[in-house]
Amino acid sequence: MSSAAENRRFLLPLVVIILASNIGVTWSTDITDRISPLDSDMMRNLFHTIRKWMFNMVGKTGLRTRGTFLQDKIPDDLPFPCNVSLGRSPRTPRSVHKLRPGDISVIAAMGDSLTAASGASSTNIVDLYMENRGLAWSIGGQWNWRNVTTLPNILKEFNPQLVGYSLGDAYPFHRETQFNMAEIGAVSYDMPFMARSLVKRIRSDPRVDFKRDWKMVTITIGGNDICSFVCAMEHPEDLPQKHRLRMIRALRYLRDYMPRTFVNVVSVPSVETVVGMNPKPGVCHTLHHGECSCWVGMAYNQTDNSRHRWKMIQQAMVEVEQEVSRMDEFRRLDEFAVVYQPWSTHISLKMNGRDVDYTLLAYDCFHMSQKGNAYAGTALWNNLMEPVGKKSINWRPLFEDFRCPSEKTPYIYTYDNS
């Protein structure tokens, strides 16, 4: 199982992109459920070697990006916008429904290249192979909130002892990745494996009091399913139901084996928003053929009808995530909660209402730039502090209507305290 997941995450998507773009192969079962020659110790070792070589070849990008692809640094003389004293309980709460931001001691994430912050600091094609995990919106903790406004860097203002966030550029096998379980090429099928691996990693970390510390996990996955696999399935409409079963399996494992856990479920933004940009730089048009071949690939002769079909399947996956998050078996528990955070459901790249803001995107116009990750991190933070039914469904410029805990509403919202 672990060998299958490790190899699939990097090598299988590459194989699928090549096949889907040039041959037009259709599998009779969900390709992500299949056992292949990639599921061997030899291929796993090869995968690891290739990844090490790639990391050394690309070299750490740090923040090579200049100018508008970076967020505007918050001046040192401006204080953090929230009263941090309201954001932490006098003593560790026993109920997840009485949880304040500063009560979170451990931060973690599961996902794909969006959570790995692939190419967030990219200025050329080679940089796209680097995972700038320290800049990742939900799990990156590089520097601080003034120049990298991610969820962990915001939470660190309430609890400086927070652990688990990624530091700098790193691949999954690097120590700096910490509790970021994201893998490029990961698909919905990988969620249960990621959940088991995450619990094992957190349990074995000496910095964590596994039973007492409150943990926050953010899950975002599905982009590779809908971009590179859906058109290779004989029955693609089955994908949402499979996504439902995999998500339930992962959430049950976290509920049963990791005490004191709050889970954010965030949908992958609409694929159409990115691949349908107009105008689109030539390099992005070319790269999208490989990154999202089901929507723009040549072999399937994609039409408006086929793209509409994939769009409906993705929407069904979003509805599945909303439904699973509200399931009765995850409600009214003292030490576990799941909340669907909808900030990505109506995301817009036209921040001025007219023109696409390419500074929110990496060099490939597919992943998020450092600035885009900052917008996403702030949007997720705002969702945490917004009651169910009144949560934002789009990101905003940094610190525009930034939410804070107050004396009246100091707690992170769940379905049971809203």
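Here, residue 1 is the first one in the sequence, and each next residue gets the next number.
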Trainee: Is there any salt bridge (Lys or Arg N to Asp or Glu O under 4.0 Å) pair reaching into residues 396-412, and which pairs are they, with sequence neighbours excluded?
Mentor: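 Listed by first then second residue: E386-R403, R396-D401, D401-R403.
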Trainee: Any idea which heavy atoms bring Q142 and V148 closest together, and the distance?
Mentor: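 Between these two residues, the closest heavy atoms are O-CB, 3.5 Å.
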Trainee: Suppose the criterion is salt bridge (Lys or Arg N to Asp or Glu O under 4.0 Å): which pairs have a residue in residues 128-150, not counting sequence neighbours?
Mentor: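 Only R51-E131, E131-R133 qualify under salt bridge (Lys or Arg N to Asp or Glu O under 4.0 Å).
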Trainee: N132 and D169: side-chain donor and acceptor closer than 3.5 Å?
Mentor: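 Present: a donor and an acceptor within the cut-off.
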Trainee: Any chance the side chains of K215 and T261 put a donor and an acceptor closer than 3.5 Å?
Mentor: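 Note: K215 and T261 side chains miss the donor-acceptor criterion.
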Trainee: Using a strict 4.0 Å threshold on nitrogen-to-oxygen distance, state whether R309 and E237 make a salt bridge.
Mentor: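 A salt bridge is present here (some side-chain N lies under 4.0 Å from a carboxylate O).
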Trainee: Going by distance alone, is a donor N or O of one side chain under 3.5 Å from an acceptor N or O of the other, for Q71 and T149?
Mentor: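 Note: Q71 and T149 side chains meet the donor-acceptor criterion.
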Trainee: Counting only N and O atoms by type, is there a donor-acceptor contact under 3.5 Å from the side chain of D103 to the main-chain atoms of S89?
Mentor: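 Yes, because the side chain of D103 sits within donor-acceptor range (under 3.5 Å) of the backbone of S89.
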Trainee: Is F173 atom CZ crowded by more than 12 heavy atoms from other residues, nucleotides or ligands, each under 6.0 Å away?
Mentor: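 Yes, the 6.0 Å shell around CZ holds more than 12 heavy atoms from other groups.
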Trainee: Just checking, is any N or O donor in the side chain of S369 or Y363 under 3.5 Å from an acceptor N or O on the other one?
Mentor: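 Not at all, the side chains of S369 and Y363 share no donor-acceptor pair under 3.5 Å.
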Trainee: Under a plain distance cut-off of 3.5 Å, with no hydrogens placed, do D225 and S188 share a side-chain donor-acceptor pair?
Mentor: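 Distance-only check fails for S188 and D225.
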Trainee: Distance-only, no hydrogens or angles: does the H97 side chain make a donor-acceptor pair with backbone N or O of Y413 under 3.5 Å?
Mentor: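 No; zero donor-acceptor contacts below 3.5 Å.
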Trainee: Check the side chains of S122 and D127 for a donor-acceptor pair under 3.5 angstrom, ignoring hydrogens and angles.
Mentor: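 The answer is no; no qualifying pair exists.
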Trainee: Is the side chain of T273 donor-acceptor paired with the backbone N or O of P269 at a distance under 3.5 Å, no angle test?
Mentor: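 A pair under 3.5 Å: no.
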Trainee: Whether the side chain of N56 engages the backbone of K52 through a donor-acceptor N/O pair (distance < 3.5 Å, no angle test) should be reported.
Mentor: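 Side chain of N56 to backbone of K52: a pair is present.
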Trainee: For P259 and K211, which heavy atoms make the closest approach, and how far apart are they?
Mentor: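 The pair with the smallest heavy-atom distance is CG-CA, 3.9 Å.
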Trainee: Give me the ring orientation class for F399 and F402: parallel if the planes are under 30° apart, tilted from 30 to 60°, perpendicular past 60°.
Mentor: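 The arrangement is tilted - the two ring planes meet at 30° to 60°.
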Trainee: Does a salt bridge link R252 with E329, judged by any charged N lying under 4.0 Å from a carboxylate O?
Mentor: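 Looking at R252 and E329, the cut-off is met.
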Trainee: Which atom names give the shortest non-hydrogen contact between G223 and D112, and what distance separates them?
Mentor: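 Closest approach of G223 to D112: N-OD2, 3.8 Å.
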Trainee: W381 and ring-ring contact (aromatic ring centres under 6.0 Å, His included): which single residue from Y375, F158, W137 fits?
Mentor: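 The passing option is F158.
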Trainee: Please tell me whether T414 and D416 have a donor and an acceptor in their side chains that are separated by less than 3.5 angstrom.
Mentor: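 Distance-only check fails for T414 and D416.
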Trainee: Tell me if the SG of C294 lies under 2.5 Å from the SG of C227.
Mentor: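 No, no disulfide: SG-SG not under 2.5 Å.
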Trainee: Show every salt bridge (Lys or Arg N to Asp or Glu O under 4.0 Å) that has at least one partner inside residues 263-274, sequence neighbours left out.
Mentor: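 The answer is E272-K311.
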Trainee: So, the side chain of R260 versus the backbone of R212: is there a donor-acceptor pair under 3.5 Å, distance only?
Mentor: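 Here the side-chain-to-backbone pair exists.
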Trainee: Report the C-alpha distance between W214 and F262 in whole Å, list the side-chain angles of each, state the deciding distance to 0.1 Å, and finish with yes or no for ring pair (Phe, Tyr, Trp, His ring centres under 6.0 Å).
Mentor: CA-CA 8 Å; W214 282 102; F262 185 107; 9.0 Å; no
